[in-house]
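Below you'll find the structure, written out as structure tokens, and then a few comments.
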There are 2 protein chains.
Amino acid sequence: MRRVSIADVATGAGVSISTVSAALNDVESARISPRTRDRIRQVAGDLGYVPNGLARNLRRQRSGIVGFIGDEVATTPFAVRMILGAQEALREAGLLMVLMNSQGDPALEAREIAALRQQQVEGILYASMYHRRLDPPESLRGVPTVLLDAESRDPAVSWVVPDEVAGARAAIDELVTHGHRRIGFVNNEEDIPAARLRLRGYRAALKRAGIGADPALVRIASPTVEGGYGAARELLARRDRPTALFYFRDVMAIGAYQAAREARLDVPADVSIVGYDNMPHVAEGLFPGLTTVELPHYEMGAWAVRQLLASNSGGAGPGRHARLRGKLIRRGSVSAPPRPSGG
Amino acid sequence: MRRVSIADVATGAGVSISTVSAALNDVESARISPRTRDRIRQVAGDLGYVPNGLARNLRRQRSGIVGFIGDEVATTPFAVRMILGAQEALREAGLLMVLMNSQGDPALEAREIAALRQQQVEGILYASMYHRRLDPPESLRGVPTVLLDAESRDPAVSWVVPDEVAGARAAIDELVTHGHRRIGFVNNEEDIPAARLRLRGYRAALKRAGIGADPALVRIASPTVEGGYGAARELLARRDRPTALFYFRDVMAIGAYQAAREARLDVPADVSIVGYDNMPHVAEGLFPGLTTVELPHYEMGAWAVRQLLASNSGGAGPGRHARLRGKLIRRGSVSAPPRPSGG
DNA sequence: GTGAAAGCGCTAACAG
DNA sequence: CTGTTAGCGCTTTCAC
């Protein structure tokens with residue numbers, strides 16, 4: 001079963017290969033008669049002809065592929081959405097995506113980038129596993145690059161990250177709208193942009209709502225179920241306990257459900273909870289479902305591709321960037337606060 | 001900044017392009033003198049020459065790429081491990097992976113497979129989002145294919161799935177080893193291979209341990225936190241409550257923690273829990289950490305690649321398959337059962 | 001030891 | 001309207 005080439009189709013249809021090429025590619029300038037065109041199409045179909053992309057790409061001097069390289073992306077459940085967003089945008093543009101993973105090893109990363117360059121990739125999407133600032137690796141120089149979920153120290157390189165401030169604000173606004181005024185925030189103890197920016201958003205939203213900040217209601221904890229549980233335990237044990245809790249992360253919010261259950265407090269009647277991440281299988285699986293802020297991973301993937309394509313066609317330019325908003329996903333964990341029980 | 005080609009290197013080194021090619025590829029038969037070879041290497045380095053993979057592949061008649069196509073893989077947090085396992089195995093073989101996602105749309109899937117064929121992929125990894133039986137799509141005919149996390153109805157196609165029976169057995173063995181004899185099983189209510197096979201493993205392990213099966217201890221529930229919670233509530237309320245619970249899925253086991261907390265039962269002192277999936281951020285984030293059976297996604301990805309490469313070099317053959325064991329991950333949710341409180 | 005030449009399968013000028 | 005021709009950049013006989 002030898003592969004059928006354009007020559008076979010030409011022979012079969014009794015025309016030259018250039019006619020076949022023009023007919024199959026609908027080349028306007030080459031005015032092929034409808035009859036010949038149909039005949040060629042017919043023969044090509046019968047033979048099961050599939051143009052050889054290798055030859056085509058070599059001739060066209062474009063590979064039609066874009067590289068996606070992640071550090072430890074594979075360890076986060078959100079990575080897939082980013083990849084998906086990029087892949088679908090690429091599909092629309094008729095491009096393919098080659099996926100690589102560097103495991104955070106710079107030497108390996110350099111080899112992978114070399115392999116991508118060798119394949120003449122038209123651009124590289126360089127994804128971080130979490131929102132941070134970084135220097136694009138030297139080996140990317142000369143290849144159009146967009147950073148995903150990372151801010152570039154090099155202003156020439158484009159990047160896209162979530163708008164953490166807006167996300168936190170959306171969460172707090174949702175609680176304020178339901179009438180809450182004592183709103184706790186359990187932040188990630190790690191010193192990363194997301195933690196700093198969500199805290200800023202939390203404060204900004206409270207301020208705008210005319211609610212004074214009570215430092216006692218802001219806790220930091222390890223980004224685990226246990227961390228979230230411990231913080232909730234403390235906050236819910238207070239005489240003036242908050243009527244709502246905003247969590248840095250859905251996983252931490254699981255701990256809040258547990259603490260509430262233990263304290264015989266109902267979610268949301270006694271305490272409303274808002275998370276962050278919209279973690280698959282978790283946020284919607286909790287009961288009541290966890291209201292949470294979705295990270296715009298899909299959108300970041302798509303944005304990065306569009307930016308890549310734009311910079312490819314246009315000139316080089318200085319590099320652009322975006323902070324994308326995540327949607328607030330409303331589920332059952334937020335309601336009006338309980339009426340004060342006297343005192 | 002034009003791309004430097006082999007011709008530039010040849011000119012620079014004062015030799016012909018064939019000599020450059022032979023030198024750079026260490027072709028034994030062409031006996032290049034060490035001096036020329038070094039000179040060529042030097043010039044190539046200085047010029048930053050990178051061979052054009054497109055041209056090389058066209059000439060060699062192999063693309064060096066393998067396609068990975070998933071249905072809704074992108075929606076599951078485990079997909080990444082499968083992709084990672086495949087990617088690393090491919091890297092060792094010097095191959096690249098093109099990633100596609102069909103979203104479960106057969107028409108789209110056919111187009112994507114066509115695009116992969118056009119790129120002359122050397123094989124396709126066809127991944128399912130969960131363990132099931134399926135018919136490989138018609139469009140894959142003629143391309144070496146391996147199914148991941150799916151059993152093929154077509155015996156000509158190779159496949160790899162988790163060994164669900166062994167996984168469940170490992171979970172129960174762990175509990176039995178710790179002294180448990182009343183072990184509940186909360187299964188997924190969905191009628192899928194994983195549910196049937198894990199039940200079989202549960203029963204087999206009990207039998208082998210000489211423990212009679214008590215149908216009252218087997219429940220089915222929706223595969224959510226809530227489903228797991230409801231089942232745990234019922235089971236833990238029984239007079240003769242089980243001392244250990246085995247869950248179809250980590251997410252469901254979260255509900256068990258909540259039910260236990262509510263019933264003032266300690267995990268693991270009063271009730272031991274074993275999950276399934278080793279869900280990232282969840283299993284290790286719970287407290288105590290959830291002992292669970294890891295799905296061999298990484299290994300499935302790697303196995304599939306090896307099988308693909310083997311079938312590529314060897315003849316076609318009838319298609320092979322494997323059921324891979326997942327590891328039991330021990331954390332803090334299992335201990336010896338409580339001493340019976342009288343009765 | 002090294003070079004000339006052919007050709008992978010295709011597209012795109014240009015002729016006719 | 002259709003065919004001829006010239007490559008895309010590389011590898012690989014086969015001469016010398």
Side-chain angles (χ1 to χ4, degrees), chain A residues 2-41 43-44 47-65 94 114-115 117-122, chain B residues 2-41 43-44 47-65 94 114-115 117-122:
Chain A
R2 223 188 87 265
R3 194 135 239 149
V4 353
S5 84
I6 196 172
D8 302 320
V9 180
T11 310
V15 294
S16 76
I17 60 164
S18 28
T19 307
V20 174
S21 174
L24 260 27
N25 292 320
D26 283 321
V27 177
E28 297 293 345
S29 56
R31 327 211 71 256
I32 311 290
S33 82
R35 276 189 50 251
T36 346
R37 216 205 44 192
D38 291 349
R39 183 157 36 90
I40 291 172
R41 286 249 147 90
V43 174
L47 262 46
Y49 169 65
V50 177
N52 183 323
L54 262 37
R56 163 179 288 177
N57 291 338
L58 173 60
R59 173 64 229 229
R60 285 190 177 157
Q61 293 291 79
R62 36 186 319 245
S63 63
I65 78 184
R117 300 187 81 123
Q118 179 153 343
Q119 279 301 312
Q120 317 293 113
V121 291
E122 301 185 15
Chain B
R2 222 186 88 267
R3 194 135 240 151
V4 354
S5 83
I6 196 171
D8 302 320
V9 180
T11 310
V15 294
S16 76
I17 60 165
S18 22
T19 306
V20 174
S21 173
L24 260 28
N25 291 321
D26 283 320
V27 177
E28 297 293 345
S29 55
R31 325 213 70 255
I32 312 289
S33 82
R35 277 189 50 251
T36 2
R37 215 205 46 192
D38 290 349
R39 183 156 37 91
I40 291 171
R41 286 249 147 91
V43 174
L47 263 44
Y49 168 65
V50 177
N52 183 323
L54 263 36
R56 165 178 288 176
N57 290 339
L58 173 60
R59 174 63 229 231
R60 287 190 176 157
Q61 293 292 81
R62 35 184 319 240
S63 63
I65 77 183
R117 299 187 81 122
Q118 177 152 346
Q119 279 302 312
Q120 318 291 114
V121 291
E122 301 185 14

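The sequence lines fix the lettering, A, B, ..., with proteins before strands; numbering per chain opens at 1.
Heavy atoms only, all atoms of each residue included: A:Y49 and A:I6 are closest at CE1-N, 3.5 Å. The nearest pair of heavy atoms linking B:A13 to B:I40 is CB-CG1, 4.0 Å. The nearest pair of heavy atoms linking A:V15 to A:R39 is CG1-NH1, 4.2 Å. Between B:V4 and B:G48, the shortest heavy-atom contact is CG1-O, 4.4 Å.
Comparing the local axis fitted to the first five base pairs of the helix from C:dG1-D:dC16 to C:dG16-D:dC1 with the one fitted to its last five gives a bend of 50°, rounded to 10°.
Take B:S18 and apply the side chain to side chain contact (heavy atoms under 4.5 Å, CB included) test, not counting sequence neighbours, and it matches B:S16. The salt bridge (Lys or Arg N to Asp or Glu O under 4.0 Å) test applied to B:R41 returns B:D26, not counting sequence neighbours. Residues satisfying the side chain to side chain contact (heavy atoms under 4.5 Å, CB included) criterion with B:S33, sequence neighbours excluded, are B:R35, B:T36. Residues satisfying the side chain to side chain contact (heavy atoms under 4.5 Å, CB included) criterion with B:A114, sequence neighbours excluded, are absent altogether. With sequence neighbours left out, the side chain to side chain contact (heavy atoms under 4.5 Å, CB included) criterion links A:A115 to B:L96.
Taking atom CD of A:Q118 as the reference point, atom C1' of D:dT11 lies 14 Å away to the nearest angstrom. Computed from coordinates, the A:R35 CZ to D:dT2 C1' distance equals 14 Å when rounded to whole Å. A straight line from CD1 of B:I32 to C1' of D:dT12 spans 13 Å, rounded to a whole angstrom. Computed from coordinates, the A:E28 CD to C:dA12 P distance equals 13 Å when rounded to whole Å. As rounded to whole Å, 18 Å separates atom C1' of D:dG9 from atom CZ of A:R117. If you take CD1 of B:I6 and P of D:dG7, they are 18 Å apart, rounded to a whole angstrom.
In this structure, CD1 in B:I17 is found 12.5 Å from CG in B:L24, a value given to the nearest 0.5 Å.
For the segment residues 15-26 of chain B, residues with any heavy atom less than 4.0 angstrom from an atom of DNA chain D are, sorted by number, B:I17, B:S18, B:S21, B:N25. Scanning residues 56-65 of chain A for heavy-atom distances under 4.0 Å to DNA chain D yields A:L58, A:R59, A:Q61.
For A:S5, no side-chain nitrogen or oxygen approaches OP1 or OP2 of C:dC8 to under 4.0 Å.
Taking the nucleotide of DNA chain C with the nearest heavy atom to each of B:R31 and B:A55, the more 5' of the two is matched to B:R31. The residue among A:A7 and B:R39 whose nearest nucleotide of DNA chain C is located toward the 5' end is B:R39.
Across all strands, B:S29 comes closer than 4.0 Å to no nucleic acid atom at all (heavy-atom distances).
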Please tabulate, one pair per line, all N/O donor-acceptor pairs under 3.5 Å involving side-chain atoms of residues 53-65 of chain A, not counting sequence neighbours.
from  : atom 1 : to     : atom 2 : distance (Å)
A:R56 : NH2    : A:N25  : OD1    : 3.2
A:N57 : ND2    : A:G53  : O      : 3.1
A:N57 : ND2    : A:S63  : O      : 3.1
A:R62 : NE     : A:E122 : OE2    : 3.4
A:R62 : NH2    : A:E122 : OE1    : 2.9
A:R62 : NH2    : A:E122 : OE2    : 3.3
A:S63 : OG     : A:I65  : N      : 3.2
A:S63 : OG     : A:Q120 : O      : 2.7

Please tabulate, one pair per line, each protein N/O and nucleotide N/O from nucleotides 14-16 of chain D that are separated by under 3.5 Å, including the distance.
none

